[in-house]
Amino acid sequence: MLLERYLESLGAHAIAEALDLDAPRPALIRPTQDAKFGDFQINGAMPLAKELRKPPRELAQPIAAALTGIDAIERAEVAGPGFVNIHLSPAWVAERLTDALRDRDRDGVPAVEDVSKVIVDFSSPNIAKQMHVGHLRSTIIGDAIARILSFLGDDVVRDNHIGDWGTQFGLLIVGMREWGDEAALQADPIKELERVYKLASKRAGGEEDFAQRARDELAKLQASDPENLELWKHFVQVSRGSLDAVYAELDVSFDLWLGESAYHEALPGIVEDLLGKGIAREDEGAVCIFWSETDDAPKSLRKQKTPFIVRKKDGAFLYSTTDIATVQHRKRQLHADRALYVVDNRQSLHFKQLFAVMRLLDVDMELEHIGFGTVLGKDGKPLRTRDASGGVITLASLLEEAKERARQRIEEGIAEGRLRVLPEEIGEVARVVGIGAVKYADLRQNRLSDYQFDWDKMISFQGNAGPYLQYAYARCASIFAKGGLEMDAIAESASIRLDAPAEQTLGKHLLRFGDVVYQAGATSQPHLICEHIYELARAFNGFYAECPVLDADEPTRASRLGLTALSARQIRRGLGLVGIGVVDRM
RNA sequence: GGACUCAUAGCUCAAUUGGAUAGAGCACCGGCCUACGGAGCCGGGGGUUGGAGGUUCGAGUCCUCCUGAGUCCGCCA
């Protein structure tokens with residue numbers, strides 16, 4: 001259930017009843033910051049003080065009285081300047097947890113009532129180039145958001161808007177004819193394409209003839225010349241293999257791969273439309289939208305002197321044009337209600353402009369830029385995408401290093417007798433822990449701020465890091481293994497009760513899960529789920545230290561097994577929602 | 001020149017979007033292995049939230065100014 005939503009409704013009605021108002025008012029329910037204030041507080045009395053001309057505490061008193069006698073609430077009391085503190089009834093909380101324990105499909109989290117069709121546009125690498133660290137955040141943040149929204153019940157379409165139609169293909173076509181090696185292309189496609197691209201781009205810089213040939217080939221490609229089209233398709237196809245390998249490692253998938261090329265034919269029409277409607281005009285040979293001349297543009301854009309260009313003076317189109325065509329397609333063909341663009345903060349101006357154009361075109365769609373900060377090195381400067389010897393640090397090699405570092409720590413742990421991993425499981429555990437550590441280090445932070453990439457912190461495996469959460473899960477699994485019990489069977493039969501303080505603390509954390517997932521979905525902030533799971537793992541570890549499970553007497557034993565099962569499932573589900581896996585032994 | 005983002009403990013980050021005495025991890029100090037896994041648990045010190053005004057019952061959060069950092073802005077994506 002959604003606890004906060006339920007309490008908000010209780011509180012709103014209590015306010016209306018207690019103060020004799022015709023309609024419910026916002027209860028402004030919030031979790032308390034300190035357990036001594038109870039579990040939740042109603043802040044809604046204070047804003048009413050002015051309107052009703054009474055001191056807030058005098059308003060809070062009858063509200064608290066109106067809440068007594070409700071099953072969920074053990075007691076409600078006035079505190080501070082006019083807060084109403086709510087203490088939940090442990091018995092009621094325990095019943096809700098038992099309900100959640102029975103609900104194996106959704107762990108007690110309801111699905112949304114109004115389903116939206118949401119496009120999540122993320123990752124978006126360029127074809128013919130290696131994915132590097134710069135692609136990491138979009139890929140894993142986008143994946144997490146898509147997972148969260150699908151779990152909540154939205155109709156999510158994951159679209160990889162790959163860069164497969166740029167000027168680089170003219171150079172690649174002439175380059176491959178000159179220096180291409182088909183065997184090398186088959187063996188390691190992107191490596192070969194990059195090698196040739198470098199040669200071609202260098203020669204184009206020095207030789208105008210060569211550069212002209214590249215432009216001619218590009219023009220032929222864009223005019224659907226069969227031979228060039230065939231070559232281009234070949235490049236795209238072999239590149240896909242390398243991309244798929246990285247996505248498989250990250251456990252990331254897509255429903256659509258509609259790259260720039262998919263919209264190529266729509267672009268002239270877009271520009272005609274913009275010109276016809278008087279939104280754009282020609283200037284210095286290019287077709288532009290001038291915000292200073294657009295009355296209903298957002299204020300900050302109107303001060304922008306530089307225009308939004310949709311066609312270059314040489315007649316070629318730009319990514320701005322493609323992006324407009326993409327929104328049109330998503331609206332007209334996919335019937336999407338929303339589109340989320342998981343793209344670096346640095347492109348915020350571009351999206352602000354794009355969204356403003358779509359409003360001028362009367363496209364009724366919720367468009368949102370889900371920005372994120374830069375990945376920094378330990379020195380606080382943007383992480384270098386090249387190593388000391390000048391080679392590109394690819395995403396694939398970074399993930400390899402994560403797995404390797406995890407494997408080392410696991411082997412140390414086994415050698416010291418601290419960890420229990422079967423020899424044949426080491427590879428899989430290193431993968432889950434290593435990749436999970438990289439993802440968690442990123443996702444646990446507010447996506448808007450820059451974040452510091454630090455191997456030592458990530459793989460230190462202490463405190464708030466991915467392995468801590470996975471370890472808590474392994475502890476749960478280990479209890480069932482040791483007891484010779486099936487988690488699912490316990491989930492069917494156990495009744496949860498909350499007696500010991502550590503049980504109550506754990507129980508109250510468990511009950512907040514649904515609220516957290518909803519908020520993470522509504523604000524596109526996966527870190528809220530990470531934070532919750534971390535706090536849950538802490539509460540579970542406290543319970544684990546305090547409360548024996550297998551050695552307890554019935555009915556406490558069954559209840560504690562139920563708490564353990566629900567904790568395990570919530571950790572697994574929560575981590576799963578941000579794309580991180582778990583293992584039973586680590 | 002214009003626009004946007006940011007500034008919180010020694011370091012890395014939170015703060016449920018305006019709620020009570022600003023919380024975690026790392027690092028530092030001190031406890032806990034005859035209880036299901038010590039990658040763990042319990043406790044301690046550490047803050048004028050960059051500065052100055054303002055808005056109101058109430059500000060890390062909103063507004064103005066200042067200081068400092070970053071990013072983007074005509075034919076790349």
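Each chain gets a letter, A, B and so on, in the order the sequences are listed, and its residues count up from 1. Values below: all heavy atoms of this structure, side chains included; hydrogens, waters and symmetry mates excluded. All values reported here derive from a predicted model rather than from experimental measurement.
- B:G47 and B:A24 have their P atoms separated by 15 Å, with the value rounded to a whole Å.
- B:G25 and B:A15 have their C1' atoms separated by 15 Å, with the value rounded to a whole Å.
- Donor-acceptor pairing under 3.5 Å is recorded for the side chains of A:Q570 and A:H532.
- Going from the P atom of B:G60 to that of B:U55 covers 16 Å, rounded to whole Å.
- Taking atom P in both B:C65 and B:G2, the straight-line distance is 12 Å, to the nearest Å.
- Centroid-to-centroid, the aromatic rings of A:F372 and A:F122 stay 6.0 Å apart or farther.
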Protein-nucleotides 17-26 of chain B N/O pairs under 3.5 Å:
residue : atom : partner : partner atom : Å
B:U17   : OP1  : A:R30   : NE           : 3.4
B:U17   : OP2  : A:R30   : NE           : 2.7
B:U17   : OP2  : A:R30   : NH1          : 3.1
B:U17   : OP2  : A:R30   : NH2          : 2.8
B:U17   : O4   : A:Q525  : OE1          : 2.8
B:G19   : O2'  : A:Q41   : NE2          : 2.7
B:A20   : OP2  : A:Q33   : OE1          : 2.8
B:A20   : N7   : A:Q41   : OE1          : 2.9
B:A20   : N6   : A:Q41   : OE1          : 3.3
B:A20   : N6   : A:N85   : OD1          : 2.2
B:A20   : N6   : A:N85   : ND2          : 3.1
B:A20   : N1   : A:N85   : ND2          : 3.4
B:U21   : N3   : A:K36   : NZ           : 3.0
B:U21   : O4   : A:K36   : NZ           : 2.5
B:A24   : O2'  : A:Y534  : OH           : 3.4

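- Between B:U71 and A:H350, no contact under 4.0 Å exists linking OP1 or OP2 to a side-chain N or O.
- Taking the C1' atoms as reference points, B:C75 lies 31 Å from B:A69, given to the whole Å.
- Contact annotation: A:K50 side-chain N/O to B:U56 OP1/OP2 distance is not under 4.0 Å.
- A:S348 and A:H369 are not linked by any side-chain donor-acceptor pair at a separation below 3.5 angstrom, with hydrogens and angles left out of the test.
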Scan nucleotides 30-37 of chain B against the protein and return all N/O pairs shorter than 3.5 Å with their distances rounded to 0.1 Å.
residue : atom : partner : partner atom : Å
B:C36   : O2   : A:V549  : N            : 3.4
B:C36   : O2   : A:L550  : N            : 3.2
B:C36   : N3   : A:V549  : N            : 3.0
B:C36   : N4   : A:Y544  : O            : 2.7
B:C36   : N4   : A:C547  : O            : 2.8
B:G37   : OP1  : A:S478  : OG           : 2.9
B:G37   : OP2  : A:R420  : NH1          : 2.8
B:G37   : OP2  : A:R420  : NH2          : 2.4
B:G37   : O5'  : A:Y544  : OH           : 3.4
B:G37   : O4'  : A:R420  : NH2          : 3.2
B:G37   : O2'  : A:Y471  : OH           : 2.8
B:G37   : O2'  : A:R475  : NE           : 3.0
B:G37   : N7   : A:S478  : OG           : 3.1
B:G37   : O6   : A:M586  : N            : 3.3
B:G37   : N1   : A:M586  : O            : 2.7
B:G37   : N2   : A:R418  : O            : 3.4
B:G37   : N2   : A:M586  : O            : 3.1

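- Annotation: side-chain hydrogen bond (donor to acceptor under 3.5 Å, both in side chains) contacts involving residues 461-474 of chain A, sequence neighbours excluded, comprise A:Y440-A:N464, A:Y468-A:N541, A:Y473-A:R572.
- Only the P atoms considered, B:U5 is 28 Å distant from B:G10, to the nearest whole Å.
- A side-chain hydrogen bond (donor to acceptor under 3.5 Å, both in side chains) check over residues 514-524 of chain A, counting only residues at least two apart or in different chains, returns the pairs A:T523-A:Q525.
- Listed by first residue number, the stems of RNA chain B with at least three Watson-Crick or G-U pairs below 3.5 Å are B:1-7 with B:67-73, B:10-13 with B:23-26, B:28-32 with B:40-44, B:50-54 with B:62-66.
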Between protein and nucleic acid, restricted to nucleotides 6-9 of chain B and to nitrogen or oxygen atoms under 3.5 Å apart, what atom pairs and distances do you find?
none

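- Minimum interatomic distance between A:F540 and A:A472 (heavy atoms only, all atoms of both residues): CE2-O, 4.0 Å.
- Residue A:N541 places no side-chain N or O under 4.0 Å from the OP1 or OP2 atom of B:G40.
- Donor-acceptor pairing under 3.5 Å is lacking for the side chains of A:Q452 and A:D450.
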